[in-house]
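Take a look at the structure set out below.
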Protein chains: 2
Amino acid sequence: MSHTLGIRQAQKQKTRQALLDAALGLLEEQSLSSLGLREVTRAVGVAPTAFYRHFRSTADLGVALVEEALGSLHPMIEDTVSAAGDSDERITRAVDLIARHVERYPAHVRFIARERHGGVQPVRDAIREQLARFAEEVKVALAEHPESEGWNDEDLLMLAGLYVDHMLMAASAFLEALEAPEAERERVARTASRQMRLISIGRHHWLG
Amino acid sequence: MSHTLGIRQAQKQKTRQALLDAALGLLEEQSLSSLGLREVTRAVGVAPTAFYRHFRSTADLGVALVEEALGSLHPMIEDTVSAAGDSDERITRAVDLIARHVERYPAHVRFIARERHGGVQPVRDAIREQLARFAEEVKVALAEHPESEGWNDEDLLMLAGLYVDHMLMAASAFLEALEAPEAERERVARTASRQMRLISIGRHHWLG
DNA sequence: CCATGCAGTTAACAACTGTTCTCTGTAATT
DNA sequence: AATTACAGAGAACAGTTGTTAACTGCATGG
């Protein structure tokens with residue numbers, strides 16, 4: 001199925017990934033719109049001109065980073081929302097998954113939170129598109145819950161959007177508390193869980 | 001009461017405001033971390049070195065912009081949350097106020113949304129502090145509603161935080177739809193209202 | 001009325017940026 | 001084995017950046 005890459009292509013992808021990794025690291029302390037291409041190549045240890053073999057511009061690299069950060073997240077979303085158990089169990093599980101994801105990929109999460117409203121339009125667009133896909137997937141998953149009986153499509157999507165937005169707010173809150181003491185991080189988790197639970201309660205009493 | 005400023009101080013404040021205005025304009029298409037001080041002074045028409053008479057750095061200017069954008073917003077928050085009427089009326093009024101605010105001060109709103117998670121720490125901190133103040137004020141206002149009977153302080157604050165976050169999400173959504181046709185903007189308003197209503201319903205059924 | 005303070009100017013600096021063109025080595029193709 | 005394709009290097013470009021220093025003119029306070 002998957003064609004084994006030649007030495008040539010393999011090395012190219014390696015450099016490309018090194019550029020992405022270096023950029024992600026540099027972006028922990030600045031925004032994409034201030035990231036210079038020379039800065040990135042310097043961090044990797046290649047000539048500035050090598051950058052052009054992989055990306056047209058830093059904006060282009062940013063779009064690639066969006067794919068890397070969000071593209072592989074769909075399965076996780078899927079089985080978070082469609083998991084078994086009652087609402088409270090699902091919420092606990094979801095918040096826990098978010099927390100673990102932030103711990104494992106803090107730079108990715110920071111990048112998304114930062115560039116969602118950032119200064120580079122193509123990147124904003126790419127993030128918006130991915131989040132819209134998430135919302136759509138969440139909507140489909142929600143529709144299969146028995147609680148969704150009588151809900152129309154528009155309201156399901158508005159609820160899904162609320163969940164996705166809150167997921168990001170929670171991730172961002174975890175990120176800010178990453179270096180904080182355990183007690184603070186647990187407080188963040190408690191708050192996020194309760195907010196999700198309140199939304200969930202609103203969902204159950206939406207009709208009638 | 002207010003001491004009339006001398007010609008000298010008045011001119012200084014005028015230049016300072018011009019710098020703030022020019023920066024805010026430039027920040028519509030980039031992030032603060034890529035805003036150069038020369039860029040700002042060039043837009044105003046003063047020498048680059050004049051910048052230092054007013055701000056230590058662009059980060060410092062950013063903090064001043066946070067005050068300008070959020071500092072004067074407290075009264076509006078206050079009377080939105082504590083207004084008379086049942087929940088639905090309050091929600092309609094709040095969403096309408098947000099929409100009007102975004103139309104009147106789009107650059108301010110964009111700046112806050114962008115820099116809340118942006119690349120400049122002092123600015124992030126300033127925004128976080130202001131939003132925490134908002135949440136505290138909303139909490140106090142909520143506590144006076146009859147619906148808040150039996151609520152403890154922690155839960156009131158978590159609800160207030162949810163409202164504040166959603167207020168910002170709504171503002172950001174309005175911002176993205178600013179140039180869109182009326183139909184789209186109305187759709188955004190509908191979604192924001194319904195999401196707030198769902199939260200409000202969750203609030204009413206939170207206990208027991 | 002004169003001396004001081006200070007907003008804003010001018011000039012210069014070393015360092016940095018994105019981009020172009022030319023070149024090199026080597027993997028891939030024939 | 002000879003040829004081609006192409007990832008990356010190297011050098012040079014015009015333009016930009018933040019910051020320093022010494023200055024000028026004028027409103028202010030004595």
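For the numbers below, each heavy atom of this structure counts, side chains included, while hydrogens, waters and symmetry mates do not. Residue numbering restarts at 1 for every chain, and letters A, B, ... go by the order of the sequence lines.
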In whole Å, I'd like the distance from the CD atom of B/Gln9 to the P atom of D/dC26.
19 Å
The side chain of A/Pro48 is closest to which nucleotide in this list: C/dT19, D/dG18, D/dA9?
C/dT19
Of B/Arg56 and B/Arg53, the one whose closest nucleotide on DNA chain D sits nearer the 5' end is B/Arg56
Between the main-chain N or O of B/Gly36 and the side-chain N or O of B/Thr58, is there a donor-acceptor pair closer than 3.5 Å?
no
Touch class at under 4.0 angstrom, heavy-atom based, for A/Arg42 against every strand present:
sugar-phosphate
For the pair made of CG in B/Leu19 and C1' in C/dA7, what is the distance, rounded to whole Å?
12 Å
How about B/Lys14 and B/Gln11: do any of their side-chain heavy atoms sit closer than 4.5 Å?
yes
Ignoring backbone atoms, test whether A/Thr49 places a side-chain nitrogen or oxygen under 4.0 Å from the OP1 or OP2 oxygen of C/dT20.
no
N/O (side chain, B/Arg38) to phosphate O (OP1/OP2, C/dT17) under 4.0 Å
no
Presence of donor-acceptor pair under 3.5 Å, side chain of A/Arg8 and base of D/dC6:
yes
Specify the separation, in whole Å, of atom OH of A/Tyr52 and atom P of C/dT22.
17 Å
For the NE2 atom of A/His117 and the CD1 atom of A/Ile127, what is their distance to the nearest 0.5 Å?
9.0 Å
Round to a whole Å and report the spacing from CD of A/Glu39 to P of D/dT17.
16 Å
Find the distance B/Gln30:CD to C/dT17:P and express it as a whole number of Å.
16 Å
Per B/Leu37 side chain, nearest of listed nucleotides C/dT9, D/dA27, D/dT19
D/dT19
Would you indicate, yes or no, if D/dA7 has its OP1 or OP2 atom less than 4.0 angstrom from a side-chain nitrogen or oxygen of A/Thr15?
no
Around atom CD of B/Glu179, are there more than 12 heavy atoms from other residues, nucleotides or ligands closer than 6.0 Å?
no
Take atom NE2 of B/His54 and atom C1' of C/dC6, then tell me their distance rounded to the nearest Å.
11 Å
Measuring from A/Thr191:OG1 to B/Met158:CE, what's the distance to the nearest 0.5 Å?
8.0 Å
To the nearest Å, give me how far apart CZ (A/Phe55) and C1' (C/dG18) are.
17 Å
Gap between atoms NZ and C1', on A/Lys12 and C/dG25 respectively (whole Å):
17 Å
